[in-house]
Every structure is written in structure tokens, then in C-alpha cells.
2 protein chains.
Amino acid sequence: MRYRKIPDETIRRLPVYLRGVLHLSEQGMESVSSRKLGGLVGVPPWLIRKDFSYFGDFGTPGIGYGIKTLIKQISKILRLDVMHEAAVVGVGNVGSALLSYSGFGIYGFRISAAFDVDKRKVGKVRSGVKIEDVSTLRGVKKRGIRLGIIAVPAAVAQQVADEMVEAGIIGILNFSPRYITVPKKVKVITIDIGMDLARLPYYLPCG
Amino acid sequence: MRYRKIPDETIRRLPVYLRGVLHLSEQGMESVSSRKLGGLVGVPPWLIRKDFSYFGDFGTPGIGYGIKTLIKQISKILRLDVMHEAAVVGVGNVGSALLSYSGFGIYGFRISAAFDVDKRKVGKVRSGVKIEDVSTLRGVKKRGIRLGIIAVPAAVAQQVADEMVEAGIIGILNFSPRYITVPKKVKVITIDIGMDLARLPYYLPCG
DNA sequence: CAGTGTGAACAGTTTCACAGCA
DNA sequence: TGCTGTGAAACTGTTCACACTG
């Protein structure tokens with residue numbers, strides 16, 4: 001089934017698989033079946049096999065998938081094998097939490113710059129990163145930063161996004177509760193916990 | 001097209017529409033066309049019409065949709081018209097950020113309880129909520145809390161989830177980077193920023 | 001024989017075109 | 001005329017069954 005378009009949903013599941021096999025790798029395992037991996041990460045075995053089949057023959061019939069192979073291949077597909085630097089704009093509650101979040105590391109990510117408008121914050125250090133004035137944002141291009149994280153109030157989110165695009169950012173993770181519009185060469189992923197929380201009651205039994 | 005099963009994807013978009021019409025309502029508007037709303041929230045007009053059509057005839061041909069009607073109907077469908085109380089477990093960086101996040105309000109949500117294992121935190125107040133010892137979690141049922149928020153390290157996430165289920169929680173928002181398994185009567189939504197960030201590089205141009 | 005890889009059937013979602021209404 | 005509501009077509013993703021392989 002090679003040479004076919006890869007579903008977005010498959011891409012969405014790859015990080016899930018990666019985390020699962022990293023976990024198994026830490027425990028010293030060398031191979032895993034689709035059934036076992038599925039049990040670990042909550043995805044049915046046939047879907048795992050289908051997903052992996054888009055990228056070639058990862059597995060060995062009768063045995064399963066080599067864990068080292070999986071880690072290497074998935075990382076490569078997701079382009080996590082090179083280090084990515086990200087800049088966060090807005091060092092409030094959300095921005096601070098992100099700076100201290102350790103989960104980025106295993107995906108080859110690092111927040112290496114932080115910006116804020118608040119003069120009192122500028123110059124201080126949070127989680128080892130110096131806070132800079134937001135007016136100097138366009139300097140990030142020279143520092144090799146291509147990813148931006150928006151952690152500012154909704155009212156200024158679009159403005160920050162525009163500045164990021166101008167500064168050469170090509171991928172944005174948006175934590176503000178606003179849809180933002182950017183040129184289509186720029187990829188935006190919006191994370192809005194309010195949206196997710198609002199969906200929850202619908203699925204609950206009783207009124 | 002009434003009386004048909006409502007797609008999950010439609011439910012996912014309802015909070016997006018709601019936020020859009022709330023925004024328009026604040027600006028004093030009384031009605032909006034699918035084209036205009038679509039431009040605001042980033043969804044194509046025909047999809048908006050299709051989504052709304054699952055719930056009956058919201059709109060008026062030639063005019064559009066009444067904004068007050070939309071707010072009332074969407075809130076009712078999502079069951080946001082009643083106040084929901086939530087309890088957060090883990091008052092670290094993520095937990096603290098959630099406690100101070102003001103976005104829950106417009107969806108009729110409130111975090112009215114907070115729990116932690118750290119004795120030094122217990123008894124203190126964050127964003128107006130007193131931090132309680134996690135061992136008293138099962139008391140939340142009596143207080144009418146049915147939603148739980150997991151904001152603890154990955155290693156103890158499953159344990160906390162089990163305790164939540166035992167405490168009568170029927171909806172869980174999971175902020176830990178772990179899939180958790182619960183009885184199927186319980187609905188879980190997992191938010192994992194690492195997963196989203198890991199997806200981003202795949203969509204970026206150049207290597 | 002256990003477990004992968006995959007074509008084909010199935011299910012869910014989006015897009016389109018247009019009838020019908022204010 | 002402008003806009004909604006919707007069946008049908010097109011598309012995307014999931015499930016299944018089983019041939020095949022180490």
C-alpha cells in the first residue's frame with residue numbers, strides 16, 4: 001500500500017505511538033506486536049498496522065515491530081530528528097507553565113526564547129530562559145527559530161500572530177482562545193482548553 | 001434532515017460557533033449569515049448550514065440566523081445552560097494556570113475544588129479556591145462535582161483517574177501526557193500539548 | 001503458528017448543487 | 001434577490017478478513 005496519501009489522522013496518531021514505544025524502550029524491550037502496543041496506547045491493532053503500512057514494511061511477521069526501528073522511523077517521519085527551537089510570546093500563567101513543561105524534550109523541542117510586553121518582566125529569567133521585550137521579536141529569524149507559541153490574551157493574539165509571520169515564523173502553536181488567520185504557508189495549531197471542556201457535558205449521561 | 005445521528009465533528013465545532021456568536025452579540029449584532037459567521041470562525045458556510053440543520057430550522061432564508069437563538073440553542077445542545085462544577089487534582093504549574101484561567105466562565109464552567117498531595121500546599125488558597133488534601137477527593141460527589149481535571153505528573157495520572165472514578169466523577173479532562181483507561185461510562189478528553197507540538201514539524205516546509 | 005500487510009467493504013464527513021422561502 | 005436547508009455525490013478514514021511470511 002505504498003505511495004498513497006497519508007491521512008492526517010495517521011499523522012495525529014504517530015506521536016502517540018512514539019510515546020508508547022519510548023516507554024517500552026525504557027523498560028528494555030526490543031520488539032512489540034501491534035496488539036501489545038495497541039493495548040498500551042489505546043488504538044486498535046489493525047489500525048496500528050494500517051498506519052505503519054503507509055510508510056513501508058516496519059514489522060516482521062510472527063514477531064512484531066522492532067522498537068528501535070519504530071523510534072527512528074517515526075521520529076524521521078515527524079521530522080523530530082532535528083532539534084527545533086521555539087519562541088513563546090506572553091509569559092503569564094500559560095507562558096510560564098510552558099517554559100517549565102518538560103514534555104517537549106522527548107520530541108526534540110525546546111523553548112529557547114520568551115517575549116513579553118510587561119517591562120517589569122523583561123530581563124528576568126524563567127526556567128532558564130531570559131524574557132525579552134516583544135518589540136525585538138523579529139530577531140528570532142537570525143537565531144534559527146521557526147516555531148512560535150502564542151500565550152497572550154485573546155485581544156492581542158492576532159496582532160502577535162502577524163508579528164510572528166513577519167518575523168519569519170512558519171509554525172504557530174496558538175494557546176489563545178481565538179481563531180487566528182495567517183498566510184497559508186504558515187501552519188497553525190490552536191489549543192483551546194475552553195473548547196474541549198465545553199464539549200464534555202454533551203457526552204455526559206443525565207442532564 | 002432532522003432525527004439523524006449528529007456527527008462528533010459537528011459537536012466539536014459547536015463551541016467554535018458559540019464563541020463566534022457570543023463575540024457578535026457583544027458587538028450588538030442581532031443576526032448573522034452562514035457566510036459571515038464562517039469568515040469569523042474559519043469554517044465554510046455550507047458546513048455551518050449543514051451542522052445547524054441537524055438540530056432543526058435555526059435560520060431565516062434571505063436573512064440568516066438570529067444570534068440570540070443561536071446562543072440559546074447551542075448552549076442547550078451542549079448542556080452549558082446549567083452550571084458545571086469541576087475539581088482539579090494537582091496544583092502545580094498546569095493546575096495553577098487552570099485555576100486562574102478565566103475562559104471557563106462563558107461555557108458555564110467553574111473549578112470549585114482543588115486537590116494536591118503536597119502538605120505544604122494544602123490549606124492555601126489559589127485564585128479563590130482552597131487547596132485540599134487529595135485523600136479527601138471522594139467527598140466531591142456530595143458537593144455535586146461530576147467533572148475532574150487531571151493536572152498531575154504522568155506517573156500518577158492513572159491512579160488519580162481511578163480515584164476520580166471511585167469518587168463519582170463521570171467526565172475527565174486529562175492534562176497529563178498519558179493515555180488513561182476508565183470504565184466506558186466515563187468520558188475522557190486528553191489534552192497533551194507535547195502531542196500537538198510534535199505534529200507541527202511534519203507540516204512545515206523544508207526539512 | 002503468531003503476527004504483519006493489504007484489498008475490499010463499510011462508516012463517517014464534507015462538498016456540491018439547487019429547490020424553496022422571506 | 002439573498003440566504004437557508006438538504007439529498008446526492010465525492011471523499012476520507014476505519015474495520016474486517018485473510019493471504020502471506022519469518
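Numbered from 1 within each chain, the chains take letters A, B, ... in sequence-line order. Side chains included, hydrogens not; waters and symmetry mates left out as well; all remaining heavy atoms used.
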May I ask you to check whether A:D192 and A:T190 show a side-chain donor-acceptor distance below 3.5 Å?
no

Using a distance-only test with no angle check, is there a side-chain donor-acceptor pair under 3.5 angstrom linking B:S100 and A:N93?
yes

Return the value, rounded to whole Å, for the distance between atom CZ of A:R49 and atom P of D:dC18.
14 Å

Does a donor on one side chain and an acceptor on the other come within less than 3.5 Å for B:D8 and A:Y203?
yes

With five pairs defining each end axis, the helix from C:dC1-D:dG22 to C:dA22-D:dT1 comes out bent, to 10°, by 10°

Under 4.0 Å, heavy atoms only, any strand: does A:F52 hit a base, just the sugar-phosphate, or nothing?
nothing

Rounded to whole angstrom units, what separation is found between the CD1 atom of A:I48 and the C1' atom of C:dG3?
13 Å

Nearest-angstrom distance from the residue atom CD1 of A:I11 to P of D:dT12
15 Å

Between B:F55 (CZ) and D:dG5 (P), how many Å, whole number?
13 Å

Calculate the interatomic distance between A:F58 atom CZ and D:dG22 atom C1'; express it in whole Å.
19 Å

Please collect all salt bridge (Lys or Arg N to Asp or Glu O under 4.0 Å) contacts where either partner lies in residues 150-170 of chain A, sequence neighbours excluded, each pair once.
A:R138-A:E166

Just grab all the ring-ring contact (aromatic ring centres under 6.0 Å, His included) pairs involving residues 62-83 of chain B, residues at least two apart or on different chains.
B:F52-B:Y65

Using 4.0 Å as the upper bound for N to carboxylate O, is an ion pair formed by A:R13 and A:D51?
yes

Give, ordered by number, those residues of residues 59-76 of chain A having at least one heavy-atom distance below 4.0 Å to an atom of DNA chain C; if nothing qualifies, reply none.
A:G59, A:T60, A:P61, A:G62, A:I63, A:G64, A:Y65

Polar-atom pairs under 3.5 Å, protein N or O versus N or O of nucleotides 14-16 of chain D: list them with distances, or write none.
from: D:dT14; atom 1: OP1; to: A:R13; atom 2: NH1; distance (Å): 3.0
from: D:dT14; atom 1: OP2; to: A:R13; atom 2: NH2; distance (Å): 3.0

So which of residues 30-37 of chain B are in contact with DNA chain D, with a heavy-atom cut-off of under 4.0 Å?
B:S33, B:S34

Rounded distance in Å - CD1 (B:I6) to P (C:dG12):
14 Å

